[in-house]
There are 2 protein chains.
Amino acid sequence: MSSKTNKNETMPVKIIPLGGLEKIGMNITAIEYNETIVVVDCGISFPDDDMLGIDKVIPDVTYLVENKERVKGFVITHGHEDHIGALPLILPQLNVPIYATQLTMGLIEHKLEEAKILKKTRRKVVKHGGRINLGEISVEFIKTNHSIAGASALAIYTPAGVILHTGDFKIDYTPLFGEAIDLQRMAVLGKKGVLAVMSDSTNAMRPGFTPSEVKVAKTFDDLFQEHNNRRMIVATFASNVDRVQQIIQTASKYGRKVILQGRSMENVIDIAQKLEYVKVPDNTLISVDEMKRYPDEQLVFITTGSQGEAMAALTRMAEGYHKKVKIKPNDVVVFSSTPIPGNEKSVSKVINLLEESGANVVFQDTHVSGHACQEEIKLIYSLLKPKYAIPVHGEYRFLQAASKLVQSVGIAPENTFILKSGDVLSLTEEEGKVTGKVPAGEIMVDGLGVGDVGNIVLRDRQKLSEDGIIIVAMSLQKEGNQLVTGPDIISRGFIYVRESGELNNQMRTVAYEAVLKSQKKENCDWGKIKKEVRDELSEFLWKKIKRTPVILPIIMEI
Amino acid sequence: MSSKTNKNETMPVKIIPLGGLEKIGMNITAIEYNETIVVVDCGISFPDDDMLGIDKVIPDVTYLVENKERVKGFVITHGHEDHIGALPLILPQLNVPIYATQLTMGLIEHKLEEAKILKKTRRKVVKHGGRINLGEISVEFIKTNHSIAGASALAIYTPAGVILHTGDFKIDYTPLFGEAIDLQRMAVLGKKGVLAVMSDSTNAMRPGFTPSEVKVAKTFDDLFQEHNNRRMIVATFASNVDRVQQIIQTASKYGRKVILQGRSMENVIDIAQKLEYVKVPDNTLISVDEMKRYPDEQLVFITTGSQGEAMAALTRMAEGYHKKVKIKPNDVVVFSSTPIPGNEKSVSKVINLLEESGANVVFQDTHVSGHACQEEIKLIYSLLKPKYAIPVHGEYRFLQAASKLVQSVGIAPENTFILKSGDVLSLTEEEGKVTGKVPAGEIMVDGLGVGDVGNIVLRDRQKLSEDGIIIVAMSLQKEGNQLVTGPDIISRGFIYVRESGELNNQMRTVAYEAVLKSQKKENCDWGKIKKEVRDELSEFLWKKIKRTPVILPIIMEI
C-alpha cells in the first residue's frame with residue numbers, strides 16, 4: 001500500500017464489537033485501521049423478558065456515526081436477522097455500501113425495500129473467493145457451512161495483519177446443497193500468517209462435531225415413508241433455507257404437494273427461489289386454497305412456529321385459530337428445530353395442544369445445529385493458527401468455554417480476549433490489549449419509536465403489569481385549593497370490577513381525607529396534595545390487600 | 001363395613017381431580033364413595049407467564065365446599081408446595097382434619113401457623129404402614145422415595161375397590177437416608193387386587209431408571225475433595241431436604257462450616273431438623289455473620305436460587321446485591337438441580353454473572369430427579385396390576401406417554417384414562433367411564449386477593465405492560481358540555497418523557513379536536529365524547545408511531 005501505511009507500520013488494527021457479546025444476537029463489529037473503518041454485520045436481537053412491549057433491539061452505533069467519514073462499508077457474513085436485521089434502521093445514519101454474497105443480499109434488499117431505502121443504498125454482490133477493497137482494508141469472502149446458503153467467513157486484510165471472522169459456521173463435509181466449507185483456503189491463510197480469529201462460540205460448550213445436514217435428510221426420508229398415509233406438517237425456521245429446500249425435495253420425491261405457511265416462510269423462500277437457492281420441482285408448491293383438491297396424504301405444510309411463537313402459523317393451528325388449517329387426529333407434526341433458550345415453555349404448550357387434537361408430534365433427529373461444536377472450533381484454529389483469539393457470538397459462559405478450547409490448541413491465554421460491547425481491542429504483531437471504550441449498547445425499538453423507551457418507561461410498564469393503575473381525579477379551586485369535584489377513583493388492571501364497589505368507596509374516602517389533611521398543612525400546594533394522596537392510598541392498599549398499583553392523582557384547576 | 005355398603009355393592013368409586021392435570025402443580029383429587037369424600041393433596045401452582053402480577057394459583061374447590069358435610073379430610077402424600085401449598089387458603093372453607101406423615105405435617109403446620117389457623121385445624125400424624133378410617137373410605141400410607149423424606153403412596157380402600165395413588169415417587173434401592181420404597185407392600189396389594197392406580201407421570205417421557213441419590217453423593221464427595229482450597233456455594237431447592245442433608249454431611253466430613261441462605265432454606269431445614277429428618281453434626285451450622293471467623297476453604301453456603309429466581313439469595317450474590325456475601329474469583333458454585341421448563345433463561349443469566357465474577361460454576365452429575373422414569377412406572381404397574389390406570393402429575397404429552405407405557409404392561413387402552421380437571425371418573429369392577437363434570441380450574445391469588453383478578457384485569461395488565469397508558473383529563477360544564485379545563489395529557493409507561501414534549505402537544509390537539517367534533521353531533525353525551533377522544537387518539541398514535549397504549553379519557557363535571 002501507500003507510503004502512508006509505511007509511516008504507520010506499527011499502527012494497530014482495532015477490533016470494536018458494538019454488540020453481540022453479552023448475549024446471542026445483535027452482531028456488529030467495527031474493524032478499524034488508521035483512516036478506514038469496515039463494519040462486519042448489523043443485526044438485531046430480540047427483547048429480554050423484562051423489556052415489556054419492546055419489539056426488537058438494535059445496536060448503539062454512535063461511534064460509527066461520529067466517525068462516518070471513515071466508515072467504508074458493511075461486509076455481511078450471512079442473511080440471518082441477528083446479522084442483517086438492523087440495517088434498515090442503521091443505514092440511514094451512515095449511507096455506506098453493503099457487500100454480501102447473493103442470497104444474503106437478496107434478503108437484505110427485501111428489508112431495504114420494505115423500509116423504502118433500497119434505491120439509495122449502494123450494494124455489491126461478492127462471490128466466495130472474491131475480495132473487495134475498502135480504503136486501507138480489503139475483505140475476502142470465504143465459503144463456510146451454516147443453516148443458510150451463502151454463509152461466509154471474512155478474511156480482513158489490514159496493514160497490521162489479517163483478521164479472520166468466521167461468521168456463524170459449522171463444518172459440513174457432506175452438505176446437501178452446495179460445497180463444503182473452504183478449509184483449504186483457511187489453511188493457506190494460516191500458513192501465510194493470521195493475526196487474529198473471531199469465532200462463533202454458540203456451541204463451544206458442546207463436545208464433538210455437529211452432525212451433517214445429511215443426517216436430517218435420512219430422518220425426513222424415513223418419516224415421509226412411515227407416514228405415507230397421513231398429512232404432514234413440518235415446522236422450522238424460514239431462515240433455515242437449506243432445511244426448507246430439503247423438505248421440499250423429499251416431499252416431491254414422495255409425490256406430495258407443499259404448502260408454505262407463515263409470512264416469513266413465504267417471503268424468504270420466495271427470495272431464495274428467485275435467486276435459485278431453493279429449487280422447487282414443477283407443480284410442487286400449491287397455495288393453501290388449493291389444498292382441498294388433494295387428499296391428506298398428498299400434502300405437507302412447511303410452517304413457521306417451531307418456537308411456539310404466539311402469532312405463528314403452527315401456533316394458530318394448534319390453538320384452533322388458523323383460518324384455513326385445522327389439526328386432524330391423523331396429522332403428523334414434525335418440529336425441525338430445537339427450542340431457543342427461553343422458548344421451551346411455549347413450545348411445550350403447542351405440543352400439548354397438538355397432541356390433545358390427536359396429532360402425532362415428532363422431534364427426534366429432525367434437526368442439526370448450524371454452529372460448530374468443540375472439535376470444529378479446534379480444527380479451525382489449528383488451520384488458521386492465529387496469534388490472537390476473540391471468541392464471539394455467545395453468552396459469557398460460551399465465550400469462556402471457547403477461550404479454554406482455543407488455549408488447548410495453542411493460543412496463549414494472554415492472547416485470548418473475551419470482550420464486552422464497546423471495548424476497543426488494539427492488535428499488532430507485538431501486542432494485543434484493550435485500549436479504550438466507545439459507546440455501545442442496546443437501543444430498544446417499540447413500534448416506529450427507536451430509543452424513545454428507556455428504563456423509566458420500562459419500570460413503569462413493569463409496575464403497571466403487576467398491579468395495574470389507580471387514577472385519583474379531582475378538581476380544585478384556583479385560589480385556596482378548595483375541592484370542587486372528586487376525588488374520583490378509576491382503575492385499570494387493578495381488580496375485578498364486580499368486586500371493587502366497596503373497595504372503591506374506601507379508596508375515595510382515604511383520598512378525600514388525604515386531601516383535607518394536606519390542605520390543613522402550611523404552604524400546601526398541588527405537589528404536596530398529590531404526594532399525600534399517593535402515600536395514604538398506597539399504605540391503605542398494602543395493608544388491605546398487599547398490592548402496589550401505580551397511583552396517579554390528577555388535579556384539574558377550576 | 002355396615003349394611004349400608006352392602007346395599008350399594010355396585011356403587012362406583014368416583015375419582016375427581018380438581019387440578020394438576022393440565023400442567024405440573026396444583027395437585028388435588030377428590031376420591032368419593034357414596035356419602036364419603038376424601039381429598040388427596042391440596043397444592044398450588046405457579047402463575048403462567050401471561051398471569052401478570054399473580055403470585056400463585058390455587059384450585060377451585062367449589063365442589064368440595066358444596067359437599068362439605070361429606071368431606072372427611074385431606075390425606076397428603078408429601079410436603080412439597082404443589083401438594084400442600086393451598087391448604088392455608090382452602091382449609092378455612094372446609095374445616096376438616098389433615099392426615100400426613102411427620103415431616104409433611106411439620107411443613108404444613110408451619111404454613112398454618114403463618115396463616116394463623118394452626119390451632120383450629122385438626123391434624124393427625126400417620127406412620128408408614130398406618131391406616132386411617134374416614135367414613136366409608138380408609139387410607140393406608142405406604143413408604144416411597146422422592147426428593148423429600150416422608151413421601152407416601154396412598155392405598156385408598158373403598159367398597160368398590162382399592163385405589164392406589166403413588167404420590168410423587170421414584171424407586172431408590174439405595175437411598176442415602178431412610179428406607180427404600182415398600183415394593184413388597186405394593187406387590188401384596190396387587191396380589192389381593194387393585195382397582196385403579198393414579199401414578200406420577202413427570203418423567204414418563206424419559207427412558208430407563210432414575211439414578212439413586214447415591215450418585216449425587218459420589219459427585220459431592222469428589223467436588224469437596226477437588227476444591228478443598230476454595231469456598232463453595234451450593235444451590236438447591238429448600239424442599240429437597242435429603243439433598244440438603246447430604247451436602248451438610250459431606251461438608252462436615254471435610255471439616256467445613258455450613259451457612260444456610262434464603263428464607264425458605266432456613267425455614268424448611270429448621271423444621272426438618274427439629275423433627276430429626278435432618279441431622280446436623282454439632283458446630284457445623286453457623287450464621288452468615290460468623291463466616292469471617294473462618295477461612296474461605298472452610299465454608300460452604302447452601303442457598304436458594306437454583307432456578308435463577310429474581311429475589312433468591314444466589315441471584316442476589318450473582319448480581320452483587322447480596323448484603324453479606326460477595327462472589328469471589330476463587331468460588332466454586334454448584335447447581336444441584338436442573339432448570340424447571342421456563343426457567344432456563346434466568347438460570348443462564350445467573351451462571352453468566354457468576355462466571356463473569358470469576359466463579360467456577362459446576363452443574364454436571366450434581367442432581368438426580370425425584371420422579372420415576374419409564375422402567376419404574378412399568379415396574380409399579382407390574383406389581384400392582386390394576387384394572388384401571390389414571391396417569392396424573394404432568395402436561396398432556398407426559399400423561400399420554402404414561403398411557404402408552406401402562407398399556408405396554410397390560411392395562412387395556414379403554415381402561416386408561418387421561419382426565420381433565422373436573423372430570424368425574426366412575427369406576428366399578430365392571431366398568432370405568434367419565435360420568436360427569438364438576439367446577440374446577442385455577443383461582444388466581446394476587447397479594448391477599450383470592451380470585452378478584454380475572455381475565456379482564458389480566459388483559460388490561462397485558463395492554464398496560466406493552467405500551468403503557470395515556471390519560472386525557474378534562475373538565476366540562478354540567479350544562480352544555482362546554483370544555484372548562486384540559487384536555488391534559490398524562491402518561492405512564494408510554495414514552496421517554498424528554499422525547500414527549502412535541503408529541504404531547506400533538507396529542508392534546510387531537511383530543512381537543514375530538515371533543516369539539518363530538519360536541520357538534522346530536523345527543524352528545526360524555527360516553528360519546530370519551531369514545532371519540534379514544535378513537536381519534538389511538539388512530540393518531542398508531543399512524544404516528546405504531547403503538548397502542550391504553551387510552552383513558554377522564555371527564556370531571558363542573
Side-chain angles (χ1 to χ4, degrees), chain A residues 22 48-49 52-53 341-342 344-345 348 351-353 355-356 361 395-397 400 446-449 451-454 456-469 471 473-475 484-486 488 490 492-497 499-500 542 544-547 550 552 554 556-558, chain B residues 22 48-49 52-53 341-342 344-346 348 351-353 355-356 361 395-397 400 446-449 451-454 456-458 460-469 471 473-475 484-486 488 490 492-497 499-500 542 544-547 550 552 554 556-558:
Chain A
E22 287 75 15
D48 292 341
D49 291 346
L52 297 173
E344 293 84 354
K345 243 174 136 172
S348 282
I351 295 177
N352 282 323
L353 289 170
E355 294 212 343
E356 282 189 59
V361 180
E395 298 172 17
Y396 184 87
R397 58 199 181 121
Q400 207 187 36
D446 179 0
L448 296 182
D452 61 3
V453 170
I456 296 168
V457 173
L458 283 186
R459 207 167 52 220
D460 280 347
R461 288 183 185 176
Q462 184 65 42
K463 280 207 73 177
L464 289 168
S465 78
E466 282 165 8
D467 283 323
I469 185 166
I471 295 145
M474 62 191 104
S475 56
V484 183
T485 50
D488 291 340
I490 304 113
R492 283 292 181 278
F494 172 58
I495 210 164
Y496 188 44
V497 178
E499 307 279 338
S500 65
W542 178 250
K544 176 112 186 154
I545 49 168
K546 293 274 181 290
R547 290 189 202 171
V550 174
L552 187 63
I554 292 178
M556 307 222 57
E557 181 187 77
I558 301 297
Chain B
E22 287 73 16
D48 292 340
D49 292 346
L52 298 171
E344 294 84 352
K345 244 175 134 172
S346 336
S348 282
I351 295 177
N352 283 322
L353 288 169
E355 293 213 341
E356 281 189 61
V361 179
E395 299 172 17
Y396 184 86
R397 58 199 180 119
Q400 208 188 36
D446 179 1
L448 297 183
D452 61 4
V453 171
I456 297 168
V457 173
L458 283 186
D460 279 346
R461 288 183 184 175
Q462 184 65 41
K463 280 207 73 179
L464 289 167
S465 78
E466 282 166 8
D467 284 323
I469 186 168
I471 295 144
M474 63 191 104
S475 57
V484 183
T485 49
D488 291 341
I490 304 113
R492 283 292 181 278
F494 173 58
I495 210 166
Y496 188 44
V497 178
E499 308 278 338
S500 65
W542 178 251
K544 175 111 186 157
I545 50 169
K546 294 270 180 293
R547 289 188 205 172
V550 174
L552 187 61
I554 291 178
M556 308 224 55
E557 181 188 75
I558 301 298

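First the proteins, then the strands, lettered A, B, ... as listed; each starts at 1. Since the model is a prediction, treat every value here as computed from it, not as a measurement.
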Locate the shortest heavy-atom distance separating A:Met556 from B:Thr485; write the atom from each residue and the value. CE-OG1, 3.3 Å
Pick one of side chain, backbone, both or neither for A:Glu395, based on which atoms fall under 4.5 Å of a heavy atom in chain B. both
Assert top hit (heavy-atom pairs under 4.5 Å, partner chain A, pool B:Lys463, B:Glu355, B:Glu557) equals B:Glu355
For a quick test of reading the model, state the closest non-hydrogen atom pair linking B:Ser348 to A:Arg397 and the distance between them. OG-NH2, 2.7 Å
If I take atom CZ from residue A:Arg461 and atom CZ from residue B:Arg492, how far apart are they, to the nearest 0.5 angstrom? 13.5 Å
What distance do B:Leu353 atom CG and A:Tyr396 atom OH have between them, rounded to the nearest 0.5 Å? 11.0 Å
So which part of B:Lys544 gets closer than 4.5 Å to some heavy atom of chain A, the side chain, the backbone, both or neither? backbone
If you count heavy-atom pairs under 4.5 Å between each of A:Val550, A:Val453, A:Val484, A:Ile471 and chain B, which one has the most? A:Ile471
Side chain, backbone, both or neither: which part of B:Gln400 has a heavy atom under 4.5 Å from chain A? side chain
Honestly, the part of B:Gln462 sitting under 4.5 Å from a heavy atom of chain A is neither
If one checks every heavy atom of B:Arg547 against chain A at 4.5 Å, the contacting part turns out to be side chain
Under a 4.5 Å heavy-atom cutoff, which of B:Val361, B:Leu464, B:Asp467, B:Asp446 has the most pairs with chain A? B:Asp446
Region of B:Leu458 in contact with chain A, defined by heavy-atom distances below 4.5 Å: neither
Pick one of side chain, backbone, both or neither for A:Leu552, based on which atoms fall under 4.5 Å of a heavy atom in chain B. side chain
Let's test your reading of the structure: which of A:Ile469, A:Asp49, A:Ile554, A:Ile545 forms the most heavy-atom pairs below 4.5 Å with chain B? A:Ile545
Can you tell me how far the CG atom of A:Leu52 sits from the CG atom of B:Leu52, to the nearest 0.5 Å? 8.0 Å
Less than 4.5 Å to any heavy atom of chain A: does that hold for the side chain of B:Glu344, its backbone, both, or neither? side chain
